[in-house]
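What follows is a single structure, written as structure tokens, with notes after it.
Lettering of chains follows the sequences in order, A, B, ..., and the numbering in each one begins at 1. Computation of the quantities below employed the complete heavy-atom set of this structure, encompassing side-chain atoms and omitting hydrogens, waters and symmetry-equivalent molecules.
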Protein chains: 2
Amino acid sequence: MSSPDRPLQNPNQQAQVFERVRQAHQMEATEDYVELIDDLIRTQGEARLVEVAERLGISQPSAGKTIARLQRDGYVTSEPYRSIFLTDKGKQLADSSRARHDIVFKFLLAIGVSEETAKLDSEGLEHHVSDETLGVFKRIIKQQVKK
Amino acid sequence: MSSPDRPLQNPNQQAQVFERVRQAHQMEATEDYVELIDDLIRTQGEARLVEVAERLGISQPSAGKTIARLQRDGYVTSEPYRSIFLTDKGKQLADSSRARHDIVFKFLLAIGVSEETAKLDSEGLEHHVSDETLGVFKRIIKQQVKK
DNA sequence: GCCAAATCTTAGCCATGGCTAAGTTTATGC
DNA sequence: GCATAAACTTAGCCATGGCTAAGATTTGGC
């Protein structure tokens with residue numbers, strides 16, 4: 001019933017793999033927030049905390065706490081009771097996150113995943129795709145378009 | 001310079017996407033641990049805390065704390081100063097995680113990602129791939145083998 | 001222009017998952 | 001079989017990211 005054995009790799013190598021995943025996790029919330037804030041600014045003219053919280057499906061105080069961290073780390077600016085703005089650093093991250101997200105989403109569609117599932121999965125996957133893999137995704141999207 | 005606008009989706013829908021990612025995150029550590037513990041038992045006969053910690057690249061107390069949580073939640077058993085065992089529930093999760101991990105890894109290889117990158121990326125991606133997408137991955141692996 | 005509603009902040013709680021330092025138990029080597 | 005080394009636990013720290021309850025500010029309607 002069990003799968004075939006796989007030999008254990010070098011402990012240090014394996015540790016580096018997990019270390020990389022932990023670092024990706026640290027950036028996840030940041031990327032999700034700036035991407036969402038950017039979307040809101042584009043389509044609604046401004047990003048209000050109430051809207052960020054609603055779209056993330058969390059409470060306003062939770063969203064506010066993370067926004068404070070983003071401000072501390074230089075991704076956004078905002079004054080009390082005002083809307084949220086992206087810094088240059090935040091805008092850059094939003095742009096690259098969005099691009100990455102779009103590629104993953106389109107790739108999933110290209111290989112035959114349904115639109116609904118592609119939307120769900122791309123949100124989780126986008127933070128863990130390396131540049132190399134992203135390049136392969138891009139190539140496959142292009143091939144698909146040609147057909 | 002900016003990407004094209006994408007229309008905002010329904011707030012509630014979007015919230016559900018993020019909710020799903022948060023739930024996946026909750027399972028990630030659990031899956032990584034049981035998968036690793038299973039690997040250690042298979043190849044070394046037992047899983048010692050010192051080895052789990054080393055391979056995850058974290059301190060022994062940190063690993064120990066999570067093992068305690070896994071025990072509380074019924075995935076593993078272990079007595080003080082003894083090695084770690086999987087419960088049936090833990091073994092089942094390890095098996096399905098391993099299978100999922102293998103499919104993601106082989107899929108990346110099949111589409112042309114390097115072995116090194118496939119190893120890195122599959123560790124981050126495995127927790128966020130839906131059953132539907134996994135099915136598509138499997139199909140593509142099979143097609144590749146045929147060629 | 002004032003009152004109510006909406007928005008935002010503050011305070012304080014919890015779980016997870018990292019860490020170090022120090023103590024306990026088990027295993028090992030001589 | 002005893003001293004030392006290795007493995008493990010305990011205690012206590014921190015950051016993140018959830019929550020609720022309650023207070024402050026801003027906005028909007030009349």
For residues 9-19 of chain A, which side-chain donor-acceptor pairs fall under 3.5 Å, sequence neighbours excluded?
unit_1, atom_1, unit_2, atom_2, d
A:N10, OD1, A:N12, N, 2.7
A:N10, OD1, A:Q13, N, 2.9
A:N12, OD1, A:Q16, NE2, 3.3
A:Q14, OE1, B:R55, NH1, 2.6
A:E19, OE1, A:R22, NH2, 3.0
A:E19, OE2, A:Q23, NE2, 3.1

**OP:** Check every nucleotide of DNA chain D for an atom under 4.0 Å from a heavy-atom of chain B, then give the first and the last such nucleotide from 5' to 3'.
**Re:** D:dA7 to D:dG18
Original post:
Quick check: does any side chain N or O of A:S130 sit under 3.5 Å from a backbone N or O of B:D121, one acting as donor and the other as acceptor?
Top reply: no
Original post:
Would you say the side chain of B:L134 lies within less than 4.5 Å of the side chain of B:V104, judging by non-hydrogen atoms?
Top reply: yes
**OP:** Check side chain to side chain contact (heavy atoms under 4.5 Å, CB included) between A:A110 and all other residues, then give those that pass, not counting sequence neighbours.
**Re:** A:Q144
Pairs under 3.5 Å (N/O, protein and nucleotides 22-29 of chain C):
unit_1, atom_1, unit_2, atom_2, d
C:dT24, O2, B:Y81, OH, 3.3
C:dT25, O4', B:Y81, OH, 3.4

Subject >> Parallel, tilted or perpendicular: rings of A:H128 and B:H128 (30°, 60°) >> reply: parallel
Original post:
Residues two or more places apart in sequence or in another chain: which of them pass side chain to side chain contact (heavy atoms under 4.5 Å, CB included) with B:R139?
Top reply: B:V136, B:Q143
Subject >> Of all pairs that satisfy salt bridge (charged side-chain N to carboxylate O under 4.0 Å, His left out), the ones with a partner from residues 126-137 of chain A, not counting sequence neighbours >> reply: A:R100-A:D131
Original post:
What pairs of residues pass the ring-ring contact (aromatic ring centres under 6.0 Å, His included) test when at least one of them lies in residues 56-110 of chain B, not counting sequence neighbours?
Top reply: B:F107-B:F137
Original post:
With sequence neighbours excluded, what pairs up with B:R69 under the side chain to side chain contact (heavy atoms under 4.5 Å, CB included) test?
Top reply: B:A29, B:T30, B:T66, B:R72, B:D73
**OP:** Check side chain to side chain contact (heavy atoms under 4.5 Å, CB included) between B:S96 and all other residues, then give those that pass, not counting sequence neighbours.
**Re:** B:L93
Original post:
Tell me, which of residues 26-40 of chain B have any heavy atom that sits under 4.0 Å from an atom in DNA chain D?
Top reply: none
Original post:
Separation of A:E54 atom CD from C:dA6 atom P, in whole Å?
Top reply: 13 Å
Subject >> Residue pairs involving residues 26-35 of chain A (criterion salt bridge (charged side-chain N to carboxylate O under 4.0 Å, His left out); sequence neighbours excluded) >> reply: A:E35-B:R6
Subject >> Which residue lies more 5' along DNA chain D, comparing B:K65 with B:E51 via nearest heavy atoms >> reply: B:E51
Original post:
Going by number, which of residues 67-77 of chain A have a non-hydrogen atom under 4.0 Å from DNA chain D?
Top reply: A:R69, A:R72
Original post:
Heavy atoms, side chains only, cut-off 4.5 Å: are B:L108 and B:T117 in contact?
Top reply: no
Original post:
How far apart are the closest heavy atoms of B:I41 and B:I84, and which atoms are they?
Top reply: CD1-O, 3.8 Å
Subject >> Given DNA chain C, 5'-ward residue of the pair A:A47 and A:R22, judged by closest heavy atom >> reply: A:A47
